[in-house]
There are 2 protein chains.
Amino acid sequence: MTVRLSTKGDYGVRALIELALHEGEGPVHRAGIAARRQIPESYLDHLLAQLRRDGFVRSTRGPAGGHELARPASEIRLLDVLESLEGSLAPLGCLEGGETHSEQHVVCGQQWVWREIYDAMRARLASVTLTELLERDRARRGGGAPSYSI
Amino acid sequence: MTVRLSTKGDYGVRALIELALHEGEGPVHRAGIAARRQIPESYLDHLLAQLRRDGFVRSTRGPAGGHELARPASEIRLLDVLESLEGSLAPLGCLEGGETHSEQHVVCGQQWVWREIYDAMRARLASVTLTELLERDRARRGGGAPSYSI
DNA sequence: GGATTGTCGACTAAATCGCTCGACATTGTA
DNA sequence: TACAATGTCGAGCGATTTAGTCGACAATCC
């Protein structure tokens with residue numbers, strides 16, 4: 001029952017789409033993102049912290065503070081966002097590029113097949129930018145009324 | 001940190017490779033499989049039970065009993081084995097073909113990308129047979145001495 | 001009838017997921 | 001300068017899953 005993305009990646013991408021939607025309009029505050037994209041606010045907190053650490057988001061404190069994209073949406077790749085939030089997407093521990101992993105999973109029998117699948121997956125995810133995600137999101141909600149009010 | 005295969009798939013495939021190696025020689029007993037393929041014996045028990053339920057393995061009780069392939073190795077696909085042991089390999093709950101899933105994961109934002117990746121992954125895994133796995137395994141151990149004695 | 005094997009289900013320890021909560025830091029405004 | 005609105009950080013928690021173990025039972029060969 002494993003081999004499954006957690007909610008982190010989805011929530012995180014939703015939040016970034018919201019930020020992309022307001023790109024260049026100054027910081028958006030967390031409560032707004034949470035409400036409009038239906039993400040538990042105190043959980044979103046952690047996700048934004050991670051995205052900030054990895055340079056996708058910049059935030060300012062104080063009243064009128066909030067979060068905004070640290071880089072243009074067109075330069076943010078889905079792959080990088082997911083790896084930031086979910087950790088490595090490698091289906092087997094032994095496919096991990098890094099060195100810091102303690103190799104708890106020795107699982108490595110069918111490495112040759114999975115290496116191929118993993119590479120293809122990463123390539124595809126790398127080809128998707130936040131701009132494209134935003135467009136897809138707009139299209140999905142575009143037809144009918146948005147499911148949330150601004 | 002998710003999106004990772006558990007040990008089940010690897011252990012299960014290892015066990016099937018061992019059975020394929022002795023195809024047509026009558027049942028192989030569990031303790032032997034466990035020792036030769038380095039799988040905890042009482043855990044292997046559960047994996048074999050699952051593989052039997054799904055028709056990959058047939059077993060006989062009593063002394064000189066054991067397990068053997070229920071179908072020719074050439075007709076056993078890696079995809080089916082992994083889905084038997086790991087459950088659905090869908091990275092998102094919403095990509096699941098079945099109806100019985102309770103949709104605890106609502107995660108469905110980037111469905112369009114993942115659908116594509118998932119389909120490619122399944123196609124590749126479906127193209128690998130147990131025969132090929134056995135050959136690869138032989139090749140890997142072939143050069144040097146086997147890492148276990150028979 | 002006993003030894004050897006498989007079968008089944010209950011139990012467990014550790015890790016992870018999906019959160020919540022509270023204390024604290026920063027900063028705009030009155 | 002006070003205070004209110006915001007972000008930041010880390011501890012903790014209930015539920016679920018992983019990766020097993022264990023023990024009672026069933027079948028079968030001798």
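Naming convention: chains lettered A, B, ... in sequence-line order (proteins, then strands); numbering from 1 in each chain.
Salt bridge status for A:R71 with A:D80: absent, with no side-chain N to carboxylate O gap under 4.0 Å.
You'll find that the side chain of A:K8 is closest to C:dC17, out of C:dT7, C:dC17, D:dT18. Distance from the side chain of B:Y11 is smallest to D:dG20 among D:dG20, C:dG6, D:dT18. For A:H67, taking side-chain heavy atoms from C-beta onward, the closest of the listed nucleotides C:dT7, C:dT5, D:dT8 is D:dT8.
B:L85 is not listed as a side-chain neighbour of B:D54, based on a closest heavy-atom distance of 4.5 Å or more. Two residues are said to be in side-chain contact when any heavy atoms from C-beta on lie closer than 4.5 Å; A:K8 and A:Y43 meet this criterion.
In this structure, A:E23 contributes its side chain and A:A73 its backbone to a donor-acceptor pair below 3.5 Å. Between the side chain of A:T131 and the backbone N or O of A:S74, at least one donor-acceptor pair lies under 3.5 Å. Judged by distance alone, the side chain of A:E86 and the main-chain N or O of A:G9 form a donor-acceptor pair under 3.5 Å.
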Check nucleotides 26-30 of chain D against the protein and report each pair of N or O atoms closer than 3.5 Å, with its distance, or say if there are none.
residue, atom, partner, partner atom, Å
D:dA26, O4', B:R61, NH1, 3.4
D:dA26, N3, B:R61, NH1, 3.3
D:dA27, O4', B:R61, NH1, 3.4

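If you check the side chains of A:E18 and A:H22, you find a donor sitting under 3.5 Å from an acceptor.
A heavy atom closer than 4.0 Å to some atom of DNA chain D occurs in B:S42, B:Y43, B:H46, these being the qualifying members of residues 41-52 of chain B.
For the pair A:S59 and D:dT6, the criterion of a side-chain N or O lying under 4.0 Å from OP1 or OP2 is not met.
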